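These numbers were taken from a predicted model, which means no experiment stands behind them. Here is how names work: the chains are called A, B, and so on, in the same order as the sequence lines, proteins then strands, and each is numbered from 1.
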2 protein chains.
Amino acid sequence: MECKENNFANIHKKEMRAVQDSMDVLNGKWKIAVISSICYYENRRFSDILKDVGGISNRMLSKELKELEINKLVKRTVIGTQPVIVQYTLTDHGLTLRTIINSLTEWGVAHRKKIIDK
Amino acid sequence: MECKENNFANIHKKEMRAVQDSMDVLNGKWKIAVISSICYYENRRFSDILKDVGGISNRMLSKELKELEINKLVKRTVIGTQPVIVQYTLTDHGLTLRTIINSLTEWGVAHRKKIIDK
DNA sequence: CAGTATCCAAAGGGATACTG
DNA sequence: CAGTATCCCTTTGGATACTG
């Protein structure tokens, strides 16, 4: 009995840690929006995302993109024209977030119906 | 052609808004962890959650629970014994978050394998 | 175009002590 | 037990100006 309870507690702890790992990556006011922007269009430039994610500043976009790059969710490609063009793409690993994005999209709609609208 | 592009852009905007609505509810350093704690155990007391979510302070737990209540994800029940006992449960609406929690759990595990460990 | 640098205000959140 | 209240440091992020 004690063993069973401990197992449950341990599994629970691991699940909590896993969820937290995800949230650490996805936190920040704009992260999900930035991912969505790139995700749907597949190949986006800095200025495209800037326009797409309403309200974000270039300073913030730069920061968020860097963090996403560090976490290997986004790939940055410089095209050395003049002036410079930079392309952002989701990596394969980044694309695995689509399930979560879709869940969040559906839930967001349902939640708005339930709470925000009425 | 223009019409098609506009439709796509509009749908995209709506999806981005929906995702943002979700994140507004789930943001905050501890929100998901608190939900997970209640979700897995179904019926939890304030002090249980406090122990379960490692590192959270009572001040923060109190705040997060209030916000979750406002968003109708959590139900608070006072049992008028002495000293007082308070039970927290997920509402039906709160339980619909399970899909997301599960996605986040799975992704968190995969992400840790890919990045955090090596 | 794609960022950086700087400044600054506001929000977030920890530690501690207190209450019905 | 289940919170509140207070203090105070840290992080976040907006505005603006500048650069290769």
Side-chain angles (χ1 to χ4, degrees), chain A residues 16 19-21 23-38 41-71 73-90, chain B residues 16 19-38 41-71 73-91:
Chain A
M16 302 254 298
V19 170
Q20 208 50 50
D21 286 343
M23 290 311 286
D24 287 348
V25 175
L26 269 26
N27 257 334
K29 194 172 176 184
W30 310 101
K31 210 133 303 165
I32 295 266
V34 170
I35 295 170
S36 298
S37 174
I38 303 173
Y41 285 94
E42 289 191 355
N43 211 315
R44 296 291 270 171
R45 291 167 58 179
F46 190 88
S47 51
D48 292 332
I49 308 171
L50 206 54
K51 269 178 266 171
D52 209 27
V53 180
I56 196 171
S57 64
N58 54 350
R59 179 178 164 282
M60 272 302 113
L61 179 55
S62 177
K63 274 186 61 179
E64 302 284 47
L65 283 170
K66 260 182 200 159
E67 293 181 32
L68 292 175
E69 236 194 304
I70 289 169
N71 282 300
L73 301 176
V74 159
K75 187 169 167 250
R76 180 174 176 277
T77 315
V78 180
I79 299 171
T81 48
Q82 205 58 299
V84 173
I85 287 178
V86 180
Q87 302 265 19
Y88 289 94
T89 325
L90 288 197
Chain B
M16 302 253 301
V19 170
Q20 209 49 52
D21 286 344
S22 298
M23 291 311 286
D24 287 348
V25 174
L26 300 167
N27 256 337
K29 195 172 175 184
W30 310 102
K31 210 134 302 164
I32 295 267
V34 170
I35 294 170
S36 298
S37 174
I38 303 172
Y41 286 93
E42 290 193 352
N43 211 317
R44 297 290 273 169
R45 290 166 60 179
F46 190 87
S47 50
D48 292 331
I49 307 172
L50 206 54
K51 271 177 266 171
D52 208 27
V53 180
I56 196 172
S57 64
N58 53 352
R59 178 178 163 284
M60 269 304 113
L61 180 54
S62 177
K63 274 186 59 177
E64 302 284 46
L65 283 169
K66 257 182 202 162
E67 293 182 30
L68 292 174
E69 238 195 300
I70 289 170
N71 282 300
L73 302 175
V74 159
K75 187 169 168 249
R76 181 175 175 275
T77 314
V78 180
I79 299 171
T81 49
Q82 203 60 296
V84 173
I85 286 178
V86 181
Q87 303 264 19
Y88 288 95
T89 324
L90 288 198
T91 62

message = Does the protein touch nucleotides 6-20 of chain D at the base, only the backbone, or not at all? Give it as B, S and - per nucleotide, heavy atoms under 4.0 Å.
response = B------BBB-B---
message = Working note: Leu73(A) + Ile38(A), criterion side-chain contact (heavy atoms from CB on, under 4.5 Å); need CA distance, chi angles, decisive distance, verdict.
response = CA-CA 11 Å; Leu73(A) 301 176; Ile38(A) 303 173; over 6 Å; no
query = Does a side-chain N or O from Ser62(B) land closer than 4.0 Å to OP1 or OP2 of dT4(D), or not?
reply =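 Yes, within the criterion.
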task = May I ask you to verify if any side-chain N or O of Tyr88(B) is less than 4.0 angstrom from the OP1 or OP2 atom of dG3(D)?
result =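 The answer is yes; a side-chain N or O of Tyr88(B) sits under 4.0 Å from OP1 or OP2.
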task = Figure out the CZ/C1' separation between Arg44(A) and dA2(C), and round it to whole Å.
result =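 That distance rounds to 15 Å.
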task = Output all residues satisfying ring pair (Phe, Tyr, Trp, His ring centres under 6.0 Å) with Phe46(B), sequence neighbours left out; order by chain, then residue number.
result =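 Ring pair (Phe, Tyr, Trp, His ring centres under 6.0 Å) list for Phe46(B), sorted by chain: empty.
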request  = Compare every heavy atom of Met23(A) with every heavy atom of Leu26(B), then report the nearest pair and how far apart it is.
outcome  =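 That closest heavy-atom pairing would be O-CE, 4.2 Å.
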ask   = Reading DNA chain C 5' to 3', how would its secondary structure be written in dot-bracket notation, given Watson-Crick and G-U pairs with both distances under 3.5 Å, brackets [ ] for crossing pairs and | for partners on other strands?
value = ||||||||||||||||||||
request  = Return the set of residues passing side chain to side chain donor-acceptor pair (under 3.5 Å) with Arg76(A) (not counting sequence neighbours), or none when no residue passes.
outcome  =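 By the side chain to side chain donor-acceptor pair (under 3.5 Å) rule, Arg76(A) matches Tyr88(A).
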ask   = Taking only residues two or more places apart in sequence or in another chain, which ones pass side-chain contact (heavy atoms from CB on, under 4.5 Å) with Ser47(B)?
value =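 If we apply the side-chain contact (heavy atoms from CB on, under 4.5 Å) test to Ser47(B), skipping adjacent residues, the hits are Arg45(B).
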ask   = Can you name the salt bridge (charged side-chain N to carboxylate O under 4.0 Å, His left out) partners of Glu67(A), sequence neighbours left out?
value =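 Listed in chain order: Lys31(A).
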Contacts table for residues 51-58 of chain A: side-chain donor-acceptor under 3.5 angstrom, sequence neighbours left out:
| unit_1 | atom_1 | unit_2 | atom_2 | d |
| --- | --- | --- | --- | --- |
| Asp52(A) | OD2 | Ser37(A) | OG | 2.7 |
| Ser57(A) | OG | Met60(A) | N | 3.3 |

message = Measuring from the side chain of Phe46(A) (C-beta onward, heavy atoms only), which nucleotide among dG3(C), dG3(D), dC1(D) has the closest atom?
response =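 Of all the options, the side chain of Phe46(A) is nearest to dG3(C).
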